[in-house]
Amino acid sequence: MNDTTIVKARFAPAPTGYLHVGGARTALFNWLYVRRNKGKLVLRIEDTDAVRSTEESTKAIFESLKWLGIDWDEGPFFQSGRKEIYRKHAEDLLAKGLAYESDEVKGNHKAIIFKVPESGKVAIQDIIHDKVEFDCSFIKDIVLMKSDGTAAYNFACVVDDCLMGITHVIRGDDHLSNTPKQLLLYKALGFKVPQFAHVPLILGPDASRLSKRHGATSVEHYRKEGYLDKAFVNFLSLLGWAPGDDREKMSIDEIIEAFSLDRIGKKGAIFDLKKLQWLNGVYIREMDVKELCSYCRGYLESLLDTEENKQKYEFVIALVQERLKTFAEVVPLTKFFFAKEIKYGRKAVKKYLLKDGVLDVLDKVLSVIEDADDFSIENLEKAFVALKESLNVSNAKLIHPVRVSITGIAASPPIFETIVAVGKDACIKRIKDAMSFIKSGEFPYELGE
RNA sequence: GACCCCAUCGUCUAGUGGCCUAGGACACAGGGUUUUCAUCCCUGCAACACGGGUUCGACUCCCGUUGGGGUCGCCA
């Protein structure tokens, strides 16, 4: 109507599964757009297909949206409860002679079908794609009401978008070919046409539409894997959109501030897991240790069973903070700090323990550790330096076998910190165990190693 | 197959006719720091799909070709 018309967008998922990352980005773009323009977001659940829609999916979608920090101003509205509204408008079109009833009987009702003109063109003015034209001769008649009495997608969508006052329809590219049909319906119903913005799809590594066969596609999966909500949203916002300067890590407020539909690209964007991991790592490194501790706790719950383990928890988390890409990785990176028994990595054992002279070195190290009354990082380091000099060997010769003996793996936080965190008694036991494993040649290897 | 969309480094992108010998980030490679890994720092690699126009001048505009994708349900 005029400049003061408030912007209103909507996110309209079908509750037929978990929230997919593609849907999440669509929701995010809608949300960013209304927040940027002080508008309103409507959440509408498109559950006209009673067979495929489930309450469980609806719940899952709500939870994922909540995790992403996407909130809405109106709704949720459920299309399943609006049958009569759709029916009324369908009958209107019937009365006007623009639609007809199907004689093909499939259910208890007669389907109502919109008659598409034989010729003519329908032009869409899209914010992202500009003008797109379709020829009516290629468009089939449109089902308005299905013979089960429920409204079909294209119809319910148009009626709702109009009745709910949607000014901007921001949705996936895959709907572009539905749009001419919807445009025809808008005109037949005498509705005002909203602005359209068809955002390109998120693609899998092979450049086809991202789907289950490419691996994990649910938002929930990424939450469980230990990605931070802010990092995930940051990453998603950069898929198909860019602020125009060189910023990569951006806060939600910065993204909102910089967001605009005309900066969205036309090209599909491949979901780059490596970049997500990198960005998540950036967020983790900048995190306060205590905060990181709370994010990681759930993954280690079963190991934090003793007072001693609980006590060293924060110290251990601090040791791996800069090594973490996701919270879930905290398990393989730290379990040896807490576990009673450790498992060994085959390669690490072969490379560092099954070598000449290792038994001798471990025996000497064992004495050093046993004799260390002051079990501090500094003191241990001093003792090791002394040992190294008396044996006339390199640091590496000393440290690698010790690391593998007490952690089971070849990469860990700095050795003295690690020794201290594992604890004197456990270190002594593990070195002794390692020595006997070397002698017997039989190690308790990590499963799959 | 028909209709529609798209096309800058491997990936995400900047670029809206001269500022481009095309910029940044991820990834990758090499080097430095480190006892290992990671971090951090440095360096390198690497792109305007192709062919025609338009123009004094095209990555930027137009046409075509090729390639990729999407849609063709009484699913959404």
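Chain A is the first sequence line, chain B the second, and so forth, proteins listed ahead of strands; every chain is numbered from 1. FYI, side chains are in, hydrogens and waters are out, and symmetry mates aren't considered; it's all heavy atoms of this structure. Just so it is clear, the structure is predicted and the values come from calculations on it, not from any experiment.
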- Message: If I pick the C1' atom on B/rA46 and the same atom on B/rC28, what distance separates them, to the nearest angstrom?
- Response: 10 Å
- Query: Taking only side-chain nitrogens and oxygens of A/T48, does any of them come within less than 4.0 Å of OP1 or OP2 of B/rA76?
  - Reply: yes
- Query: Which residue, A/F11, A/F62, A/W31, forms the ring pair (Phe, Tyr, Trp, His ring centres under 6.0 Å) with A/W72?
  - Reply: A/F62
- Task: Measure from the side-chain heavy atoms of A/A242 and tell me the nearest of B/rA14, B/rA25, B/rC12.
- Result: B/rA14
- Item | Residue matched to B/rC50 through Watson-Crick or wobble contacts both under 3.5 angstrom | B/rG64
- In whole Å, what is the span from the NZ atom of A/K267 to the P atom of B/rC6? 13 Å
- Report yes if a donor N or O on one partner sits less than 3.5 Å from an acceptor N or O on the other, where the partners are the side chain of A/T150 and the base of B/rC74; otherwise report no. no
- Please evaluate the base of B/rA27 for a donor-acceptor partner in the side chain of A/D272 within a cut-off of under 3.5 Å? no
- Query: Would a 4.5 Å heavy-atom cut-off, applied to side chains only, mark A/F259 and A/I256 as touching?
  - Reply: no
- Pairing partner of B/rA29, by Watson-Crick or G-U wobble and under 3.5 Å for both distances, is B/rU43
- 5' priority, RNA chain B, between A/I415 and A/D103 [closest heavy atom]: A/I415
- Is there a Watson-Crick or G-U wobble partner for B/rC20 with both distances under 3.5 Å, and which nucleotide is it? none
- Message: Give me the distance, rounded to whole Å, that separates B/rC45 from B/rG31 when you measure between the C1' atoms they each carry.
- Response: 15 Å
- Message: Output the rounded distance in Å from CG (A/N234) to P (B/rC12).
- Response: 17 Å
- Message: Between B/rC56 and B/rG51, how far apart are the two C1' atoms, rounded to whole Å?
- Response: 23 Å
- Item | Ring centers of A/F437, A/Y344 separated by less than 6.0 Å | yes
- Message: Which nucleotide wins on minimum distance to the side chain of A/E104, given the candidates B/rC74, B/rC37, B/rU35?
- Response: B/rC74
- Task: Sort out the partner of B/rC3 for me: Watson-Crick or G-U wobble, both distances under 3.5 Å, none otherwise.
- Result: B/rG70
- Task: Measure from the ring center of A/F235 to the ring center of A/Y227 and say whether it is less than 6.0 Å.
- Result: no
- Residue A/L176, side-chain heavy atoms: nucleotide from B/rG24, B/rC5, B/rU36 that is nearest: B/rC5
- Item | Nearest-Å distance for atom pair CD1/P, residues A/I264 and B/rU16 | 19 Å
- Query: Quick one: is B/rC5 close enough that its OP1 or OP2 comes under 4.0 Å of any side-chain N or O from A/R209?
  - Reply: no
- Flag the pair A/H168 / A/F29 as yes when their ring centroid distance falls below 6.0 Å, and as no otherwise. no
- Item | Integer angstrom distance from the P of B/rG10 to that of B/rG17 | 26 Å
- Message: Distance check, P atoms only: B/rC63 and B/rG23, in whole angstrom units.
- Response: 30 Å
- Report which part of the nucleic acid A/P180 touches: base, sugar-phosphate, or nothing (heavy-atom distance under 4.0 Å, all strands). nothing
- Task: Can you tell me the distance, in whole Å, between the CG atom of A/D245 and the C1' atom of B/rG15?
- Result: 13 Å
- Query: Looking only at side-chain N and O atoms, does A/K274 come under 4.0 Å of OP1 or OP2 in B/rG10?
  - Reply: no
- Quick one: on RNA chain B, does A/H129 or A/R285 contact a more 5' nucleotide (nearest heavy atom)? A/H129
- Note on the structure: Rounded to whole Å, CG of A/D130 lies from P of B/rC61 at a distance of 12 Å
- May I have the distance from A/W241 (atom CH2) to B/rG15 (atom P), rounded to whole angstrom? 12 Å
- Got more than 12 heavy atoms from elsewhere within 6.0 Å of CD, A/E133? yes
